[in-house]
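Everything below concerns the one structure shown next.
Note that ligands are numbered from 1 as they come in the structure, with each ligand's atoms numbered from 1 the same way. What you see is a predicted model, and the numbers here were worked out from it, not measured in a lab. By convention here, the first residue in the shown sequence is residue 1.
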Amino acid sequence: MKPIRVGLLGLGVVGGGTYAILERNREEISRRAGREIHVAMAAVRDVDLERAREKTAGRVALTTDPQQVVNSPDVDIVAELMGGIHPAKELVLQAIARGKHVVTANKALLALHGNEIFKAAHERGVMVAFEAAVAGGIPIIKTLREGLTANRIEWIAGIINGTSNYILTSMRDRGVSFSEALKEAQSLGYAEADPTFDIEGIDAAHKLTIMAAIAFGIPMQFERAYTEGISTLTAEDIRYAEEFGYRIKLLGITRRTARGIELRVHPTLIPERRLIANVDGVMNAVLVKGDAVGTTLHYGAGAGAEPTGSSVVADLVDITRMATADPGNRVPHLAFQPDQMHDDVVLPVAEIETSYYLRMRAFDRPGVLADVTRILADLGISIEAMLQREPAAGEERVDVIMLTHQTVERQIDQAIAKIEALDSISGPVTRIRLEPLGPV
Ligand code: HSE
């Protein structure tokens with residue numbers, strides 16, 4: 001059978017990894033796919049042309065004009081590995097309009113414009129595959145879409161940003177501040193010069209939005225995701241959490257409730273005995289709770305040339321196998337048949353239900369704790385654990401930390417406002433959400 005021809009948009013980290021895997025494992029990949037997967041063309045930036053020539057040893061037609069790849073009659077699958085929204089979006093839509101299948105690693109593009117892209121692909125009868133967009137080398141898209149297809153998915157919770165996990169791990173292991181840990185991550189090349197997307201939870205929210213769409217059969221709704229990053233976390237909160245037996249991780253959580261879907265990214269206390277609490281450094285992990293299978297945990301590298309390339313190549317193989325199948329018989333892009341998607345409500349963060357870690361600085365005098373606990377009791381919030389440290393020498397204020405039972409976030413908002421208004425409390429109350437995430 002003739003080889004299937006791939007056009008790469010981008011031959012950087014992920015494109016280079018993809019190319020290297022296809023070259024190294026050419027024979028086995030062909031035996032699996034049923035035909036050879038051949039990189040026919042690649043578009044790169046002017047400045048990368050020379051390096052691209054070396055990487056591909058003259059075996060790939062190179063261009064600096066991505067339109068040439070998208071419009072080429074010699075390309076069956078366009079692999080968009082350039083990132084960013086523009087011109088990636090226009091190129092992907094153009095490839096679809098030309099009847100080409102698309103593979104993309106671009107989570108921001110799908111979270112923001114996936115609904116439009118999948119609609120266009122469905123109408124044109126082509127596939128858009130995106131395993132590499134979520135958690136790098138972990139095959140979580142295939143797992144959710146196919147392996148767990150029997151299940152009613154109840155919730156997903158994941159460490160899906162390696163950079164922020166690396167920073168949190170450094171803060172815990174070595175007691176360094178957030179800014180020191182960030183600087184170190186930047187010097188090691190884990191964090192970008194502008195780290196905003198990674199540390200403010202935006203990258204994780206893109207990935208979570210995609211997983212929620214597949215898990216629950218809802219459109220991509222990134223704009224409704226609650227996003228809070230790690231830049232305001234302090235080493236002392238990490239230490240106090242440890243005293244209660246918890247680790248703090250940046251989690252993406254999406255959960256089906258009777259009132260709607262929760263879609264949120266924020267630092268989270270997790271019991272230290274959970275496997276996911278021990279996922280350290282740049283590694284990623286995703287917990288999925290299905291009604292039939294129970295809780296499953298998926299762990300691996302969330303970034304890097306070959307781990308991400310592994311997912312891109314898996315998509316290329318899938319498309320190669322399915323290209324000749326009737327579109328109606330293919331696995332639907334978002335797991336559910338396109339006419340069976342539901343527009344379930346995504347809850348505002350005030351409506352989510354979870355437990356909380358609260359840290360406040362209180363003047364050490366009679367009645368302070370009684371005032372705080374009365375506020376919580378009046379709002380129906382139950383305290384699960386509490387810690388008060390002796391004041392340091394010459395200090396009249398003490399740290400008071402409380403863990404609450406599960407409550408609606410709106411109640412905690414009210415409680416915090418009332419606690420902060422007490423004369424006996426100094427400064428703002430720190431709030432970190434807490435999830436038991438049992439039983440794995
Ligand atoms: N910047 C991401 C991370 C990797 O730190 O996990 C690509 O999604």
Side-chain angles (χ1 to χ4, degrees), residues 9-18 79-85 88 103-114 129-141 156-171 178 181-212 214 220 222 225 227-231 233 248-253 265-268 276 279-287 298-315:
L9 298 178
L11 197 52
V13 175
V14 180
T18 300
E80 185 276 301
L81 308 173
M82 60 203 298
I85 303 296
V103 173
T104 179
N106 194 330
K107 53 250 157 190
L109 177 65
L110 294 181
L112 269 60
H113 301 287
F130 51 95
E131 185 64 71
V134 181
I138 306 175
I140 191 65
I141 299 300
I156 299 173
I159 296 174
I160 44 181
N161 183 267
T163 307
S164 49
N165 201 42
Y166 179 86
I167 292 172
L168 291 178
T169 304
S170 299
M171 288 174 75
F178 168 79
L182 170 61
K183 253 188 243 142
E184 187 193 81
Q186 283 171 321
S187 71
L188 289 169
Y190 293 144
E192 309 275 342
D194 176 0
T196 314
F197 269 36
D198 289 325
I199 62 172
E200 296 304 346
I202 300 163
D203 175 74
H206 288 147
K207 295 165 182 167
L208 185 69
T209 299
I210 296 170
M211 289 197 288
I214 297 174
M220 305 277 176
F222 172 72
T227 306
E228 181 184 313
I230 59 168
S231 56
L233 270 187
I248 299 181
K249 294 289 182 188
L250 182 70
L251 283 192
I253 300 169
V265 173
H266 50 70
T268 312
I276 197 169
V279 170
D280 287 332
V282 292
M283 299 307 281
N284 281 202
V286 183
L287 274 170
H298 310 267
Y299 170 88
E306 293 214 358
T308 313
S310 163
S311 288
V312 173
V313 173
D315 280 346

**Q.** side chain to side chain contact (heavy atoms under 4.5 Å, CB included) between Thr163 and Phe197, worked out
**A.** CA-CA 10 Å; Thr163 307; Phe197 269 36; over 6 Å; no

Q.
Before you tell me yes or no, could you show the steps for Thr169 and Lys249 under side chain to side chain contact (heavy atoms under 4.5 Å, CB included), namely the whole-Å CA-CA distance, both residues' side-chain angles and the distance that decides it to 0.1 Å?
A. CA-CA 9 Å; Thr169 304; Lys249 294 289 182 188; 3.9 Å; yes

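- At the top of the distance list for atom 8 (O) of ligand 1, counting protein heavy atoms only, stands Lys107 NZ, 2.6 Å.
- Protein heavy atom closest to atom 5 (O) of ligand 1, with residue, atom name and distance, is Thr163 OG1, 2.5 Å.
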Q.
One pair to check against side chain to side chain contact (heavy atoms under 4.5 Å, CB included): Leu168 and Leu233. What are the steps and the verdict?
A. CA-CA 9 Å; Leu168 291 178; Leu233 270 187; 3.5 Å; yes

Q: Begin with the C-alpha distance, continue with both residues' side-chain angles, and end with the deciding distance and a verdict on side chain to side chain donor-acceptor pair (under 3.5 Å) for Asn106 and Thr104.
A: CA-CA 5 Å; Asn106 194 330; Thr104 179; 4.8 Å; no

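- Here's the thing with Tyr190: none of its N/O atoms is less than 3.5 angstrom from an N/O atom of ligand 1.
- Near Asp203, with a cut-off below 4.0 Å to any heavy atom, the atoms of ligand 1 are 2 (C), 8 (O).
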Q: List the steps and the verdict of side chain to side chain contact (heavy atoms under 4.5 Å, CB included) for Val286 and Met211.
A: CA-CA 10 Å; Val286 183; Met211 289 197 288; 4.1 Å; yes

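- Annotation for ligand 1: atoms under 4.0 Å from non-hydrogen atoms of Ala303 are 4 (C).
- For the pair Glu80 (side chain) and Gly83 (backbone), a donor-acceptor distance under 3.5 Å is present.
- Only the side chain of Asp198 comes within 4.0 Å of ligand 1, judged by heavy-atom distances.
- Ranking protein heavy atoms by distance to atom 6 (O) of ligand 1, first place goes to Gly162 N, 2.6 Å.
- A side-chain contact (heavy atoms from CB on, under 4.5 Å) with Leu81 is found for one member of Thr18, Leu9, Thr308 and no other, namely Thr18.
- Counting heavy atoms under 4.0 Å from ligand 1, residue Thr308 does not touch it at all.
- Between Asn284 and ligand 1, not a single N/O pair is under 3.5 Å apart.
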